[in-house]
Every structure is written in C-alpha cells, then in structure tokens.
2 protein chains.
Amino acid sequence: MVTIKDLAKAAGVSPAAVSKALHGHPDISQATRQRILALAAEMNYRPNVLARSLVKQRTTTLGLFVLSRGSEGFLGQFAGPIIGGLMDCATAYGYDIVLFSTPGNGPARGLDADGTAGGEPPASPPPVSHVSYLDLCRERQVEGALILGLRLDDPALPELRESPIPLVLHDVALTGPHVSCIGCDNSHSTFEAVSFLLKLGHRRIGFINGHAQAAVSRERLEGYRQALQAFGVEPDPCLEAAGDFSQESGYRAAAALLELRPRPTALMAASDLMAIGALEALRVQALRVPEDVSLVGFDDIPAAQHLQPPLTTVRQDRYQTGWLAGKTLIEATQGKMVPARIVVPAQLVIRQSTASPAAEARST
Amino acid sequence: MVTIKDLAKAAGVSPAAVSKALHGHPDISQATRQRILALAAEMNYRPNVLARSLVKQRTTTLGLFVLSRGSEGFLGQFAGPIIGGLMDCATAYGYDIVLFSTPGNGPARGLDADGTAGGEPPASPPPVSHVSYLDLCRERQVEGALILGLRLDDPALPELRESPIPLVLHDVALTGPHVSCIGCDNSHSTFEAVSFLLKLGHRRIGFINGHAQAAVSRERLEGYRQALQAFGVEPDPCLEAAGDFSQESGYRAAAALLELRPRPTALMAASDLMAIGALEALRVQALRVPEDVSLVGFDDIPAAQHLQPPLTTVRQDRYQTGWLAGKTLIEATQGKMVPARIVVPAQLVIRQSTASPAAEARST
DNA sequence: CTGTTAGCGCATTCAC
DNA sequence: GTGAATGCGCTAACAG
C-alpha cells in the first residue's frame with residue numbers, strides 16, 4: 001500500500017507538501033505540484049479514506065438499515081429499487097453507503113451448505129450492552145442514515161427520535177429534531193383509489209388492511225374512511241378486514257368479506273400481494289373480476305400488470321424514494337433545513353380489475 | 001463523542017489500560033476491568049471503527065458493486081434478494097458492507113425534483129486518473145468485494161483478474177488467483193429445461209437468448225444445444241433467436257420464431273421477462289399456451305407464477321447466492337482456499353405453460 | 001512557497 | 001498489573 005509518505009520520499013519533499021499538492025492548495029509551486037501528481041499516478045497512489053475521515057472528522061458516508069429481511073420480506077419486493085435510487089443519489093453527491101449488519105436478522109434461511117454458521121466466533125470486541133442502530137452509526141461514523149422496514153413496535157423508536165444525526169425513516173411518521181419520514185401520501189392515495197371506485201358507482205367497498213405495526217396501515221385505512229365519508233357512504237366496520245400484507249392473509253380476508261350480504265361489489269387491498277390473495281379467493285368463489293367484484297391493490301409490484309385481469313393499483317416510485325431520501329440526508333448533513341415529511345408522488349394506475357358494479361348489485 | 005481517552009480520565013487510568021480492559025486482556029486486574037466496563041456502559045462509549053481499522057490494518061468490511069442499475073435493470077429484479085443474503089451472511093460473521101458509488105451510473109432518472117443535480121461540486125480530491133473498481137476497494141480498505149451486473153465487455157475485466165483482494169463475480173466466469181465466479185449452472189439448468197421439453201415430445205424448440213455481453217447467454221445457449229444433441233435432434237440455427245433479456249426483445253424474438261414453418265411447438269426464453277414478451281406475441285397470434293406452443297422461462301421472478309398460464313421456469317435462489325458469495329469472500333479474507341467457481345443450485349419449476357405438443361405438430 | 005509539528009482514536013509494543 | 005511511548009495514514013496549524 002503506497003502512502004503519502006512514500007510519495008514524499010520519492011519526490012524528495014515532505015508528506016505535508018504531498019497532501020497540499022494533491023488537494024490543489026495554492027501554496028505550492030506548480031513545478032513540484034506537477035511532479036508529485038505525476039509520481040502519484042505512476043505509483044498508483046490512492047488515499048486511505050479511513051485515515052482521511054479520521055482526521056477530518058467527516059466520512060461522507062451514509063448508513064442504510066434494512067430491517068425486515070429474510071429473503072421474502074421488504075428487501076425482496078421493494079428495497080432493490082430504493083437502494084438503487086439511494087446509490088445513484090449518493091454517487092452524484094460523492095457519498096458512500098454502508099449497509100449495516102443488524103444482528104437479530106440472522107440467517108433463518110440460507111445457512112451454509114454444510115449446515116453450520118461457520119466462521120469465527122462473534123468476536124464482538126466491546127461487550128457493552130446491546131448495540132442500537134444509533135450506536136452502529138456512531139461506530140461507523142456515518143453522517144446520516146436511512147432506515148427501511150422499521151416497525152411501529154420497534155423498541156428503538158423513542159431513541160431514534162432523539163437522534164443526534166440526520167435520519168430518514170421510510171414509511172414511519174416519526175419526527176424529531178433530526179428525524180424525517182419519507183413515503184407516499186398513503187392516506188391521500190388510498191382516498192383517490194377508493195374515490196375512483198365510488199365514482200364508478202360502488203357503495204359497498206371492502207378494505208383489506210395491512211398489519212397494525214405498520215404506519216401505512218393506519219394511514220391507508222384513514223384514506224379509505226375519508227373517501228367513504230366524502231361520498232356520503234356510511235362506513236361499515238364489517239367491511240374493514242385485517243391482513244398482514246401477505247398474499248395468504250389477503251386470501252383469508254377476502255374470503256371473509258365475500259361472505260357478507262349484501263356482498264361487497266369492490267375490494268381494496270393495502271398491498272398488491274394481498275390483492276393477489278384476494279384474486280385467488282374470488283376465483284375460488286367463481287366470482288368474475290371486474291364484472292362481479294372490482295379489485296384495487298397498492299404498490300404496483302411488477303406482477304400487478306401480469307395478473308388476470310391486470311390489476312388497478314397505486315404506484316409508488318421506489319427509485320425516486322431512494323433518491324429523495326439520499327438527497328434529504330446529504331443536505332441535512334450539510335446543515336440545510338430539511339422537511340420533516342418527504343412525500344413521494346404516487347398515482348393510481350387504472351387497469352382492468354375495476355369496473356362499474358352490475359346493475360342489480362348497484363340497486364341494493 | 002466519548003473516546004477511550006475520556007474513559008481513561010474518568011477511571012483514573014491510562015488509555016492503554018482501557019483498551020486492554022475492553023478487549024479482555026489478561027494483564028489487567030478484575031477490579032479495574034469491571035470499573036472500566038461499567039464506566040464505558042454508563043458513558044455510552046462506542047469504539048471508533050475507523051480508528052480501529054486504521055491501526056489494525058483490518059476493516060472486516062466487504063465491498064458491493066451493483067453495476068447495471070438505473071431503476072429497472074439488474075437491481076430492480078434480482079439484486080434485492082442477493083443483497084439480503086449477503087447482508088445476513090455478513091451479519092453472521094460480523095462483517096459490514098459498503099455499497100460503492102460507481103460514477104457513470106449516474107441519475108438518468110430520479111433527478112432532483114427541482115431538476116438540478118444539486119449539492120456540492122464533485123469535489124473529487126485527488127485528480128488521479130479514472131478510479132477503477134479496485135481503486136475504490138483500496139481507498140475504502142475493503143477486504144473483498146462482490147460484483148453484480150458485470151458485463152463481458154467491461155474494460156476493467158483484465159484488471160479484475162489480477163485483483164490483489166478476493167473478488168466474487170456474479171455470473172461472469174472470470175477467474176484469477178483471487179477471483180471467483182458465482183452463479184447457477186446455467187448450461188446444465190438450460191439443458192434440464194430443454195430436455196424436459198424434449199421428453200414431452202417437442203422436437204422443434206425455439207430458443208430466445210439474452211444479449212451477447214452476458215456470460216449467461218452463452219452458457220444457456222450451450223445447454224440448449226447440448227440437450228438437442230443428447231436427444232438426437234438436429235440443431236437448426238433459425239431456431240436460435242437473439243434478445244437482450246428485456247420483455248420487448250422477447251416479444252420480437254418470439255414473433256419472428258413463430259413465423260417459421262413448420263412452427264416451433266415450444267419456446268424457451270433465457271429470462272422470464274423475455275418469456276413474458278413471448279407470451280404476448282403468442283396471444284397476439286391467438287396461439288394457446290400450452291396447447292399450441294409450450295413456453296419455458298428462466299429466473300422464476302415473482303410474476304412468473306401469476307402469468308396466464310403460470311410459467312414453467314428455472315428457479316434460482318438469489319438469497320442463497322448472496323449468502324454464499326459473502327461466505328466465500330469472508331473465508332477468502334481469512335486465508336482459506338476458495339473454489340474458483342461457486343455454483344448455486346437451480347431447479348426446474350414445472351407449472352402450466354408446458355405440455356406435450358399436439359398430435360399433428362408432433363408428426364411433422 | 002516549503003517543511004516541521006501535532007493530533008484524529010485506537011492497539012500494541014515495551015518498560016516500570 | 002499498569003502506564004508511557006509509538007505508529008496506523010492523513011491533514012491542519014504553524015513556523016521557516
């Protein structure tokens with residue numbers, strides 16, 4: 001590893017002079033500067049970021065937490081594009097990203113082929129209590145962090161609110177002096193989607209919600225209720241079913257809702273995955289979509305457009321979410337004021353799973 | 001930021017003593033050790049990873065490159081689960097991951113809402129030539145790196161082969177003293193899939209390949225040819241169509257293949273996305289799947305099971321890929337010998353897009 | 001313009 | 001057992 005000292009020796013100057021030359025400081029002669037630069041290129045010198053960060057007390061590094069992993073969770077479906085946006089943004093601003101190891105989200109699957117977890121013992125150097133997200137940030141000296149997949153029942157929530165470094169939380173409406181939240185306007189988007197159904201003439205609209213530990217569940221439910229109210233439709237608690245974002249739960253919730261009489265003429269699911277489950281339930285009951293029952297999802301996952309029929313749903317731009325989160329974080333580290341809530345545009349994508357209710361249903 | 005020095009002052013000992021106590025060195029009395037530990041917890045001390053790495057000359061950090069991004073590329077579809085596996089593995093071994101900013105994969109989309117790229121000037125400190133992947137690794141002192149989305153025409157290939165640090169390349173069969181390749185056995189998997197079609201009785205099987213810059217394209221094509229040969233079927237160059245992994249290209253390639261007479265009774269696409277395009281082409285020509293034409297994909301993306309009909313395809317376990325890549329890298333950094341080729345199991349998932357050819361087609 | 005000094009936070013010699 | 005000294009690679013503040 002060729003260091004600044006090696007360069008100095010080779011050029012016959014002091015290490016400090018090399019540093020100055022490399023950074024284009026004015027107090028260095030063009031001649032020696034050129035010589036040093038040529039030497040650096042020749043010897044393939046690269047600065048040690050660690051050392052630089054240590055002395056400058058700045059790392060130009062952002063942290064990224066992906067909490068709900070496990071192959072099929074958040075990461076599988078959505079994190080990819082968000083990470084892509086975040087990376088591209090970081091690249092544009094010259095920042096790096098460190099992906100944090102968060103113990104607790106251990107293997108589960110994917111264990112070594114030989115069945116063991118292999119490797120060295122944990123080797124956790126300082127046996128100081130349980131490391132929190134913020135502690136990880138401090139250890140790594142990241143200047144800000146994006147947290148994906150945070151749940152409302154995470155015990156770290158109060159601590160996060162008091163974070164001394166900029167934090168952006170995805171889909172969790174927690175705010176603090178340095179904490180912002182990013183996500184689409186769930187309430188409003190759901191309002192739009194349900195309003196669309198209402199405009200089509202639907203009056204009995206079932207809502208399949210996600211689990212209560214996700215902030216988006218509350219918000220989407222609220223949007224659903226507001227839409228009904230705006231159209232003067234009496235809300236019916238029986239029409240609000242609880243799922244957990246999974247396909248399986250969507251199936252169950254839809255099956256239950258379809259037992260109701262009069263049967264709902266439309267179903268809105270708080271995730272596309274649950275909408276897919278609902279679609280199954282409808283198929284099992286030989287109900288046609290959209291002729292007998294209209295269906296709307298949320299997310300616009302890639303599969304949505306390939307369903308039979310293609311699913312009407314709310315599209316979120318995950319890539320842009322990542323980009324905006326990165327931008328917010330970086331600006332915050334540079335001392336700029338940032339909004340407590342960053343809303344990412346979402347839009348209703350109308351496909352073929354929605355139509356006006358049949359006349360007889362309509363009249364009920 | 002509370003440092004080891006602060007602890008020393010508070011405990012009335014030297015910084016060195018604190019370091020020893022924290023690491024459980026034997027040459028420190030239990031009494032003072034406990035005192036220091038208690039103090040550390042109390043003052044919420046966290047070691048500075050940067051400083052530690054600098055002195056220990058070890059970072060326990062892996063690098064991750066995701067080369068073909070841009071919201072819809074590799075990252076969108078596959079990188080998520082791979083990253084998940086990598087992270088979980090790293091967590092298990094106590095490693096961290098840094099996601100590299102690779103200039104050149106700039107914004108394209110997702111630009112700031114205000115249209116500008118914003119932020120500070122590039123501020124690239126040392127104006128030393130163009131930074132390569134390996135240079136980034138050196139700067140960050142990562143001990144090994146996983147590269148996703150590398151293309152066969154990447155000019156860095158020769159340099160990578162000579163890498164001084166362990167590298168794992170996804171789906172690129174480049175090997176060197178410290179370079180391994182990870183991926184499924186594309187040739188064999190395709191062989192299996194095509195053999196399945198042959199066993200069903202198909203004899204005219206069209207193959208829709210990916211672009212030539214991907215190593216997997218060659219390998220899959222080879223598997224296709226070998227299967228034909230194994231069943232004594234004369235290969236017909238007309239049946240080999242070129243795509244680029246995109247849905248659009250799958251549509252075009254399939255449309256062309258379906259012009260042939262006698263018409264192929266089955267199509268195999270080198271990616272599910274292209275299979276989806278092929279499905280469209282089939283629909284446009286009013287050909288039924290699988291009655292008129294059987295269809296096989298590759299990847300088993302989430303949408304595959306929701307197609308009409310559900311797609312027979314080759315499933316790759318991306319999560320496991322990430323895990324194995326991480327394990328390989330970490331073991332390599334620990335001096336263990338690692339295989340030059342890590343093959344991740346893949347399996348044919350038989351759904352409803354495949355069946356025996358109709359009798360009349362069969363006889364031709 | 002140039003070089004010397006000092007220190008970022010930590011771990012590892014070595015004396016005491 | 002303990003603490004002082006040294007250095008990881010780099011940059012900042014000085015002094016020449």
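Below, read A as the first sequence line, B as the second, and so on, with proteins coming before strands; counting in each chain starts at 1.
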Report all interatomic pairs (protein N or O, nucleotide N or O of nucleotides 3-6 of chain D) with separations under 3.5 Å.
unit_1, atom_1, unit_2, atom_2, d
D:dG3, OP2, B:S14, N, 3.4
D:dG3, O6, B:K20, NZ, 2.4

A:D6 CG - D:dC8 C1' separation (whole Å): 13 Å
Nucleotide C:dC10, atom P - distance to CD1 of B:I36 in whole Å: 14 Å
Between C:dG9 (P) and B:M1 (CE): distance, integer Å: 9 Å
B:R151 bridged to B:D154 by N-O distance under 4.0 Å: no
A:S19 side-chain N/O to D:dA12 phosphate OP1/OP2 under 4.0 Å: no
Touch class at under 4.0 angstrom, heavy-atom based, for A:T3 against every strand present: sugar-phosphate
Identified side-chain hydrogen bond (donor to acceptor under 3.5 Å, both in side chains) counterpart of A:Y95 within the set A:T333, A:T61, A:T59: A:T333
Phosphate contact (D:dC8 OP1 or OP2) by B:S53 side-chain N/O below 4.0 Å: no
A:H25 NE2 - D:dC14 P separation (whole Å): 15 Å
Nearest-0.5 Å distance that lies between atom CD in B:E42 and atom CG in B:L37: 12.0 Å
Separation of C:dG9 P from A:R138 CZ (nearest whole Å): 13 Å
OH-CD distance between B:Y133 and B:E159, expressed to the nearest 0.5 angstrom: 9.5 Å
Which nucleotide in C:dT2, C:dC10, D:dT2 has an atom nearest any side-chain atom of A:S29: C:dT2
Whole-angstrom distance between C:dT5 and D:dT6, as gauged at atom P: 14 Å
Residue whose closest nucleotide on DNA chain D lies nearer the 5' end, B:L54 versus A:K56: B:L54
Phosphate OP1/OP2 of C:dG9 contacted by A:Q57 side-chain N/O (<4.0 Å): yes
Rounded distance (Å) that lies between atom P of D:dC8 and atom CG of A:L50: 15 Å
Evaluation steps, salt bridge (charged side-chain N to carboxylate O under 4.0 Å, His left out), between A:K9 and A:D6: CA-CA 5 Å; A:K9 204 169 297 174; A:D6 300 325; 5.0 Å; no
Atom pair distance, as rounded to whole Å: CD in A:Q30 and P in C:dT2: 10 Å
Side-chain N or O of B:K5 closer than 4.0 Å to phosphate OP1/OP2 of C:dG7: no
Side-chain N or O of B:R52 closer than 4.0 Å to phosphate OP1/OP2 of C:dA11: yes
Validation row: B:I330, B:L62 side chains within 4.5 angstrom (heavy atoms): yes
Any donor-acceptor N or O pair under 3.5 Å, side chains B:E143, B:T60: no
Atom-to-atom span, NZ of B:K9 to P of C:dC10 - whole angstrom: 13 Å
